[in-house]
Amino acid sequence: MSDRIVVQRPTRIEVDLDRLAGNLRAIRDHVRVPVMGIVKANAYGHGLVPVARHLVRSGVDQLGVAFLEEGIALRRAGIRVPILVLGGIFGPQIAEFIDHDLEITVSSLDKLRQVEAAAEAKGRKAVAHLKIDTGMERVGVHSYSCAAFIEAAVASRWCEIKGVYSHLACSDDPASPMTARQVERFAEACAHFDRLGAPMPLRHLANSGGVLHFPETWLDMVRPGILLYGVAPDPTARMTVPVAPVLSLKSQVVYFKVVKAGNTVSYGATWSSDHDCRVVTIPIGYGDGYSRALSSRGEVLIRGRRYPIVGRVCMDQFMVNIERDTAYNEDEVVLIGEQGGERISVDSVAATIGTIAYEVLTGLNERIPRLYIGG
Ligand SMILES: *Cc1c(COP(=O)(O)O)cnc(C)c1O
């Protein structure tokens, strides 16, 4: 596998499976409730199936994805643990959920009726988690008007109500009063089960921010995504859980040259130097999801030192100024990760281009080969 990748192309994402398992263990030790590992968006760019497989091997209780097709891909790969699809559903998809044994997010009375009709037509119960909106205003029945919804769900013959959940809008900020309000609204919604004398389903509320900062959100299960991958939901987060970054992005020098004083580098001729300098070319670009916004702003590591990207990032390549230093063709280049004593974090890349780590990670696309190490 690694031989083939080197022949194809020296650019790769390295995914450290031992760190992934270590992060799961650290989260579990911290919260001491079951963990639903969130693997949507190609497992935050780390590779859906290999990551899910290793999480299962490492004892994750359940998986969560955003869309039906992600759940089907996991089932086709032979993954057997419970899988919740977090996104809103479309009526025609419901039969597929049932066929693939995927748990459904039911987010309105109307959708509950659709799920019941599809389940009855199949003669097989659907497994549902009820989605309550406590302040995100995305998907879910408002907590202040969910009584009839919960009553109908509890009475349903064709829906097994396995869970009830909500999503936190501000949990990455430990000082935000929003989370306490959402916790309270969620508790009010859950109280309807008691009022109806119905068994309480699994209550879950905590994303990574909840896991890090708000023990009152842990309840019966937690749903960490980015924290599993060793990255904070916000760069200022206090890392109360000892996790380590799982992903590295690496390439190799493909070309070396001297650029003469005053000559410009790359499209648009936006960069030049007032003296001769050594410039190397790296074979990865925005066509791989390495943002063009890093043009003349990003940095990479070569031979344990930090160097600037110069000129515009192209679709498949970009240039790096090493001044008077030495680098050779095939030298390793680290775009995200560690080399020597130096490190480039996902957070620093995100900060450079004014976005969040989530977007940098999920932007790294299928053109980059993934290499799984450890495990
Ligand atoms: C994406 C998502 C999560 C995980 O969020 P992180 O901030 O990555 O931990 C949890 N729950 C729901 C409903 C989500 O959509």
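Just so you know, ligand 1 is whichever comes first in the structure, and atom 1 is the first atom listed for that ligand.
For atom 9 (O) of ligand 1, the closest non-hydrogen atom on the protein side is S208 OG, 2.5 Å. Distance from atom 7 (O) of ligand 1 to its nearest protein heavy atom, with residue and atom name: Y358 OH, 2.7 Å.
Looking at S108 and D110, their side chains never bring a donor and an acceptor atom within 3.5 Å of each other.
Heavy atoms of H167 found under 4.0 angstrom from ligand 1 belong exclusively to the side chain.
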Result block: side-chain N/O donor-acceptor pairs under 3.5 angstrom for residues 300-315, not counting sequence neighbours:
{"from": "R303", "atom 1": "NE", "to": "D331", "atom 2": "OD2", "distance (Å)": "2.7"}
{"from": "R305", "atom 1": "NH1", "to": "D325", "atom 2": "OD2", "distance (Å)": "2.9"}
{"from": "R306", "atom 1": "NE", "to": "E342", "atom 2": "OE1", "distance (Å)": "3.2"}
{"from": "R306", "atom 1": "NH1", "to": "E299", "atom 2": "OE1", "distance (Å)": "3.2"}
{"from": "R306", "atom 1": "NH2", "to": "E342", "atom 2": "OE1", "distance (Å)": "2.9"}
{"from": "R306", "atom 1": "NH2", "to": "R343", "atom 2": "O", "distance (Å)": "2.7"}
{"from": "Y307", "atom 1": "OH", "to": "D325", "atom 2": "OD2", "distance (Å)": "2.5"}

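Considering each of M136, R223, K40, the one bringing a non-hydrogen atom nearest atom 10 (C) of ligand 1 is R223.
Ring pair Y290/F318 is parallel by interplanar angle, where below 30° counts as parallel and above 60° as perpendicular. Relative orientation of the Y44 and Y358 rings is tilted, given thresholds of 30° and 60° on the angle between their planes.
Close to ligand 1: R138, with a non-hydrogen atom less than 4.0 angstrom away. Distances shorter than 4.0 angstrom occur between a heavy atom of P224 and an atom of ligand 1.
Shown in contact with Y44 at under 4.0 Å from a heavy atom are these atoms of ligand 1, numbered in order with element: 1 (C), 4 (C), 5 (O), 6 (P), 8 (O). Taking a cut-off of under 4.0 Å to the non-hydrogen atoms of I226, the atoms of ligand 1 that pass are 6 (P), 8 (O), 9 (O).
Here A119 pairs with I98, A126, W158 under the side chain to side chain contact (heavy atoms under 4.5 Å, CB included) rule; sequence neighbours left out.
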Exercise for the section: Please lay out, stage by stage, how K257 and T281 fare under the test side chain to side chain donor-acceptor pair (under 3.5 Å). Expected result: CA-CA 9 Å; K257 73 186 142 282; T281 302; 3.3 Å; yes

